[in-house]
Student: 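The structure is given below, and queries will be raised subsequently.
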Amino acid sequence: MTEFAGKTALVTGGSRGIGAAVAVALAERGADVAITYNSSPEDAAAVVKQLEAAGRRGFAIEADAASAEAVVAAVGRAYGVLGGLDIFVNNAGVGSLGMIDEVTLEELDRVLAINVRGPYVAAQAAAGVLADGGRMIHVGSAIAERATGPGMSLYTMSKSAVAGLSKGLARDLGARGITSNVVQPGPIDTSMNPADGPFAEAQRAFLALPRFGTPAEVAAAVVYLAGSAAGYITGTELTIDGGHAA
Ligand code: NDP
């Protein structure tokens, strides 16, 4: 598979879960891929091995999404080492649960720093180096379409912000032929939201397809948006949610 032969990509939060699946899927289709990670160097190294096993260049950069300095440096390093940047996947994020009267200011600031400020700063840095005709794909959440239960106000707000960021970028970057879209997963079986976790049954009850999705199913959507078939798609949402919003 050579759809992305000669292309370069950066995936934030590529050490585990959805980001790891996206990085591997891009490499399997010919791209050289950099990933960022925060707290899982061993997982990041294992993903790099998979990128190399696909016959591509791959490397991992430690960059806490809450640190603007680290994020900007990571984008610069990916661009420098890969020799360009064609595809930027804004994926790093954290979950957060809490009723409106329980969420502390510290938690509010932590989640917004990682899920909103980090993706904004990363997109800003990536926009500065992305090749004309390039692709930005942000990982939001289906929860931005339909909040299905209590305790999700902070996380939902943060993912709605990602959808807004994506639309604004589509307008800012369209003249350069760069597309910006948001992928909005429903429940996906990762360590953030395990299919056998305490909240899994309640989530399954909202789905038309009564199962969790897989990271590979989200990666397939990212691959589509990164490819030439999606050249006229920008400023929109691709929701992969098993019918969560149906
Ligand atoms: P995981 O917890 O499995 O993986 C999260 C990834 O993000 C890891 O690579 C992690 O790196 C990285 N990350 C976390 N915090 C930071 C940080 N401060 N700085 C840099 N990287 C960080 O989660 P998922 O794969 O499930 O989630 C990926 C994205 O998908 C997130 O944005 C999430 O909100 C979104 N999403 C997930 C859904 C689900 O049901 N799983 C549903 C909808 C959206 P490290 O381990 O090195 O810290």
Side-chain angles (χ1 to χ4, degrees), residues 10-25 33-48 60-75 89-97 109-123 137-149 152 154-163 165-166 182-197 199-200 202-204 206-207 211-219 221-222 237-242 244-245:
L10 170 63
V11 182
T12 68
S15 50
R16 293 184 289 113
I18 292 169
V22 168
V24 170
V33 183
I35 61 169
T36 69
Y37 67 95
N38 181 42
S39 58
S40 310
E42 282 147 23
D43 290 336
V47 172
V48 168
I61 307 164
E62 183 182 350
D64 181 357
S67 162
E69 206 174 47
V71 166
V72 170
V75 173
V89 184
N90 216 355
N91 164 77
V94 288
S96 180
L97 268 178
D109 288 344
R110 183 185 80 91
V111 172
L112 294 183
I114 296 170
N115 285 9
V116 179
R117 188 172 180 267
Y120 192 97
V121 170
I137 297 127
H138 315 271
V139 180
S141 171
I143 206 96
E145 296 289 319
R146 186 178 184 211
T148 41
M152 300 292 287
L154 175 53
Y155 183 69
T156 303
M157 177 172 74
S158 75
K159 290 301 180 177
S160 297
V162 172
L165 166 65
S166 177
V182 62
V183 159
Q184 301 193 144
I188 304 300
D189 186 16
T190 67
S191 49
M192 180 188 285
N193 188 13
D196 59 358
F199 309 106
Q203 292 176 78
R204 262 191 290 273
F206 275 98
L207 302 175
R211 66 169 178 87
F212 273 42
T214 66
E217 287 173 319
V218 181
V222 173
E237 305 90 16
L238 181 46
T239 299
I240 307 138
D241 67 347
H244 176 269

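Each residue takes its place number in the sequence, starting with 1. These numbers were taken from a predicted model, which means no experiment stands behind them. Start at 1 and go down the list; that is how both ligands and their atoms are numbered.
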Student: Can you tell me which residues line ligand 1 if we count any heavy atom under 4.0 angstrom from one of its atoms, in chain and number order?
Tutor: G13, G14, S15, R16, G17, I18, Y37, N38, S39, S40, A63, D64, A65, N91, A92, G93, V94, I114, V139, G140, S141, Y155, K159, P185, G186, P187, I188, T190, S191, M192, N193
Student: Would you say V72 and V121 make side-chain contact, with heavy atoms under 4.5 Å?
Tutor: yes
Student: Using side-chain heavy atoms (C-beta onward) and a distance below 4.5 Å, is R110 in contact with V94?
Tutor: yes
Student: Are the side chains of E237 and V183 in touch, meaning some heavy atoms are under 4.5 Å apart?
Tutor: no
Student: Quick one: does I35's side chain get under 4.5 Å of I61's, heavy atoms only?
Tutor: no
Student: Any side-chain heavy atom of N115 within less than 4.5 Å of one from V162?
Tutor: no
Student: Return the set of residues passing side chain to side chain donor-acceptor pair (under 3.5 Å) with S191 (not counting sequence neighbours), or none when no residue passes.
Tutor: R16
